[in-house]
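Below you'll find the structure, written out as C-alpha cells, and then a few comments.
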Amino acid sequence: MKLQHALLALQAIAGREVAKFVRQGGRFASALVRPLLWLVVFAAGFQNVFGVSIIPPYDTYIPYQVYIVPGLLGMVLLFNGMQSSLAMVYDREMGMMRLLLTAPLPRAYLLFAKLLAGTLLSVLQAYVFLVIAALFGVDVPWSGWLYALPVVVLAGMMLGALGLLLSVHVRQLENFAGTMNFVIFPMFFVSPALYPLWKLEESGAAAIHAVAQWNPFTHAVEAIRFALYGQFAGDSLAIVAGCLVLFFTLAAWGYDPQRGIARRGKPA
C-alpha cells in the first residue's frame, strides 16, 4: 500500500464524512440537544436528590452539574458513534459502501479511515459541548480541556469501532431503533455517567453494579473524568484501548468478503 494512495483515500473518506455532516445541520443540533437537556434541565432538578460526595478525582465537594459533564461528553461520543453505524447501514443498502470497499486498498485500512473521520466529528462536537457548558457556568479546569483531548479521541474511536461492529449485524435501517434500545441506552444508563457507581452498590443493586464494571462506556467516562482534572486512570484507559482493538478487529473481520457480509449475501 503506497503512502500517497493511503493518504488520498483518507482524505476522500474524511471529506465525504465532513460534507455529509455539514449538509445535515439537524445532526449537529441533535448531538448537542441531548446532553444540554441533562445539563440544564435534569441537573437542575436532580442536584438536591443526588448528593455527590468527595470521590476521586475531585478533592472537594462538587455540584451535580460538574459531575455529569464527563458523562455527557461520553454521551456525545456514544451517540455519534452509533450515528456512524447508521450511516454504514444506509451506505450498504444504497450500494455506496460496496463501491468504497472495492478500492485497491486493504479493507481494514478503509474502515480505519472511516473510523478516524467519524472520530474527528465526534471530538469536535464534544468540545463544542464543553464550550456551551462553560457558558452555562459549569466549572471545568481549562487545563483539563487539553489533558482530556487524547482520552476523548481514544474513547471516540472505541465507541466508533463499536458502531462499525454493530453495522455488520444491523441488516436494515428499520432495525436501528432496536439497537438504540438494547445497546446504546443500557450502555449509557448502566454507567457512572449520571451517578457514581457507589450509589448502586450502596442501594443494594449489586448485579447492576457488576454489569457497570464490565461496561466499556463506564471506563470511557471515568478516563475522561480523571483526564479533565489532570489525572491518569490507567486501568480505564487500558480497557478502552483493549475494547477499541477488539471491536475494530471484529468489525474488519465482519466486513471481510470471505467471512462477513459479502459471504452472507446481499442484505434483505
Do the non-hydrogen side-chain atoms of S191 and E222 ever get within less than 4.5 Å of each other? no
Got a second to check how far L244's CG is from I239's CD1, nearest 0.5 Å? 13.5 Å
Shortest non-hydrogen contact from V76 to P35? CG2-CG, 3.8 Å
Distance col, row Q125:CD vs N80:CG, nearest 0.5 angstrom, shows 4.5 Å
Decide yes or no for W253 and L165: does some side-chain heavy atom of the first lie under 4.5 Å from some side-chain heavy atom of the second? no
Taking every heavy atom of L197 against every heavy atom of A212, the minimum-distance pair comes out as CD2-CB, 3.7 Å
Are W214 and F185 linked, directly or through intermediate hydrophobic residues, by side-chain heavy-atom contacts shorter than 4.5 Å (ILVMFWY only)? no
For the residue pair A223 and L237, what are the closest heavy atoms and their distance? CB-CD2, 3.8 Å
Give me the atom names and distance for the closest heavy-atom approach of A252 to A108. CB-CB, 4.2 Å
Taking the side chain as C-beta and beyond, is there a heavy-atom pair between L159 and F247 under 4.5 Å? no
Validation row: L130, V69 side chains within 4.5 angstrom (heavy atoms): yes
Provide the closest heavy-atom pair for A155 versus A220 in the form atom of the first, atom of the second, distance. CB-CB, 4.0 Å
In this structure, would V245 and V151 fall into the same cluster of hydrophobic residues linked by side-chain contacts under 4.5 Å? no
What closest approach, in Å, do A148 and L228 show between heavy atoms, and which atom pair accounts for it? CB-CD2, 3.7 Å
Contact between F136 and Q65 at the side-chain level, heavy atoms closer than 4.5 Å - yes or no? no
Taking CG in L120 as the centre, count heavy atoms belonging to other residues, nucleotides or ligands within less than 6.0 Å. Is the count above 12? yes
Less than 4.5 Å apart, any side-chain heavy atom of M82 and any of L162? yes
Answer yes or no: are there more than 12 heavy-atom neighbours, outside Y147 itself, under 6.0 Å from its atom OH? no
Inspect the surroundings of CZ in F189 and state if more than 12 heavy atoms from other residues, nucleotides or ligands are less than 6.0 Å away. yes
Neighbour count above 12 (heavy atom, 6.0 Å) for F248 CZ: yes
Shared ILVMFWY cluster between L146 and V138, side chains joined below 4.5 angstrom? no
Mind checking the CZ-CG spacing from F129 to L77? Nearest 0.5 Å is all I need. 11.0 Å
Hey, does the Lys NZ or Arg CZ of R225 hover above the aromatic six-ring of Y67, less than 6.0 Å from the centre and inside 45° of the axis? yes
L39 versus I132: any side-chain heavy-atom pair under 4.5 Å? no
Please determine whether residues F226 and Y229 belong to a single hydrophobic cluster, defined as Ile, Leu, Val, Met, Phe, Trp and Tyr linked transitively by side-chain heavy-atom distances below 4.5 Å. no
W145 vs Y127 aromatic rings, parallel, tilted or perpendicular, using cut-offs 30° and 60°? perpendicular
One should read off an interatomic distance between L194 CG and W38 CH2, to the nearest 0.5 angstrom, of 5.0 Å
With a 4.5 Å cut-off on side-chain heavy atoms, are F112 and M157 touching? yes
How long is the straight-line distance from CG of L149 back to CD1 of I224, given to the nearest 0.5 Å? 11.0 Å
How long is the span from the CZ atom in F188 to the CZ atom in F217, to the nearest 0.5 Å? 6.0 Å
